[in-house]
Amino acid sequence: MGIDTYRENVVYLHRECGVVRAEGFQALAKVDLSADGNERSISAVINVVDDERIVGPGEIGLSEQAFEQLGAPEGTAVAIAHAEPPASIQSLRRKIGGERLMRDEWFAMVRDIAQRRYSKVELAAFVVATSQFELDRDEVAYLTEAMTDAGRKLDWHERPVVDKHCIGGIPGNRTSMLVVPIVAAHGMLIPKTSSRAITSPAGTADTMEVLAQVDLDFARLSEIARSLRGCLAWGGVAQLSPADDVLISVERPLAIDSPGQMVASILSKKCAAGSTHMVLDIPVGPTAKVRSMPEAQRLKKLFEYVARHIGLMLEAVITDGRQPIGNGIGPVLEARDVMQVLNIDPAGPVDLRQKALRLAGRVIEFDPDVRGGDGFPIARDILDSGRALSKMNEIIDAQGRRPAPLPLGRLALEVCAEATGTVVGIDNLQLATIARLAGAPKVKGAGIDLFRKLGDQVRQGEPLYRVYADYPADLEFATRLSKRSSGYSIGEAAALPHAFVEF
């Protein structure tokens, strides 16, 4: 039908269709669908149509998701039947009631979720229940194991296979695009499969796509990673932890990201991707996902417990999440920051450089030949010598270099300070929302270029940042929100928030 239902199988039947009238199929009822000559079947939710221009009696239309899942060509005869409720629904009801679930129950629920046997309503109930009744650490471990088991698992046949991940929430935090070439230049295997943005102005894959292709099949991805010791590709092709992708489709609209779900989501994908060692970045700040040091320590301990349970060597570090990292927010601007750092450009953002070096140093210390504390100077030498830039160019060429640089948005707006003083607060979420309204990440050149960071002095009327957009409507949306709140707080230097860091 050419309808994107975002990871939900939906089928469309006309109200006057004989099947609907005879069998009593109603809107939102769940059905099983199978195609002639195809052993594959799918579960789906019905939408009832009254307009024959969409689908007529005797026809069934499939959403893009359902059509891909069924794998049958147009014009194929199909059989439709009422779907039996998944057996694991009883476990879901117990969780809704606040009960603790055992390992086999988590495996059964996640298996049904991965097979799209849960409707969006049931998925929402799962997400809310596992958030409202906080999972104990063993339940988080069971959920992580189950999500890993439900999809493909990669084996690189060597150790260590390293990775670096951030829990998110900090705009411009493109350290992975620096850590990968530094660590790969050191000789360690770091096959980085990254996500596209869901609610942020850019994911690592969106930013890398400004420079090179990221939508690689697994055979090509594997070949590049093995020959160059690293890659920066979109992870969707590998089908790792598919239940997580389904759950994300309801977690994001509900704005629910509970600790248990976050830990299971991140670690299941890393384990499925074949990682054996990982550095985890937990930013802490007034507008970060984690707002306090006690909360960060609790999350760190949970990550460490579950990682041990699944056999992953994890080192979690608590970092400064008070403001965006780098100067750019949005794919083109963030790619500019990364390349400035790699090129040792004096205009490159110092905070992005320093954070990436410290994270890369921690990853390098997984090398059994590197002593603790030596990782940072090794990483700095690789970057300053140009070896990281050379490695990044090799990765870009191997993945498919973009023939011409992408431009910034054609339209621009400067947001200025409303008072004179010191920048004492920068709202990560507000700036991320403004950048998204401007068109990022779909419009690669849209976003925000920051001129002031925490502690900087500013006079009334001086620009704080510039918003880029390609379309007047996008610029108007971003303008309205920035007028409501610029995302900056101006005050006395004594009001600067304290930084929580473990580096």
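Keep in mind the model is a prediction, meaning the values are calculated, not measured.
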Worksheet entry | Working for salt bridge (Lys or Arg N to Asp or Glu O under 4.0 Å), residues D244 and K269 | CA-CA 8 Å; D244 183 50; K269 284 200 167 174; 3.6 Å; yes
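- Remark: of the listed residues T144, T148, L280, T144 is the sole one forming a side-chain contact (heavy atoms from CB on, under 4.5 Å) with L267.
- For the pair Q65 (side chain) and D4 (backbone), a donor-acceptor distance under 3.5 Å is absent.
- For the residue pair V306 and V140, the shortest heavy atom distance occurs at CG2-CG1, 3.7 Å.
- A salt bridge is defined here as a Lys NZ or Arg NE, NH1 or NH2 lying under 4.0 Å from an Asp or Glu carboxylate O, and K453 with D351 meets this definition.
- Under the 4.5 Å side-chain criterion, counting only non-hydrogen atoms from C-beta, I318 is not in contact with V501.
- With a 6.0 Å cutoff to the six-membered ring centre and a 45° limit on the axis angle, R358 counts as a cation-pi contact of F376.
- In E68, the CD atom is not crowded: 12 or fewer heavy atoms of neighbouring residues, nucleotides or ligands sit closer than 6.0 Å.
- More than 12 heavy atoms of other residues, nucleotides or ligands sit less than 6.0 Å from atom CD of E462.
- Under the 4.0 Å criterion applied to side-chain N and carboxylate O atoms, R353 and D384 are assigned as salt-bridge partners.
- Separating the CG atom in L431 from the CG atom in L450 is a distance of 6.5 Å, to the nearest 0.5 Å.
- Taking CG of L437 as the start and OG1 of T479 as the end, the distance is 10.0 Å to the nearest 0.5 Å.
- Residues R322 and P286 form a side-chain contact, since some pair of their non-hydrogen atoms from C-beta on lies under 4.5 Å apart.
- Side-chain atoms of V332 and P407, non-hydrogen and from C-beta on, never get closer than 4.5 Å to each other.
- Note: L429 CG to K289 NZ = 11.0 Å, rounded to the nearest 0.5 Å.
- In summary, of the residues considered (V183, V162, D369), a side-chain contact (heavy atoms from CB on, under 4.5 Å) with I364 occurs for V183 alone.
- None of D345, N327, D449 except one satisfies the side chain to side chain donor-acceptor pair (under 3.5 Å) rule with R336; the exception is D449.
- Judged by distance alone, with hydrogens and angles left aside, the side-chain atoms of R466 form no donor-acceptor pair with the main-chain N or O of E414 at under 3.5 Å.
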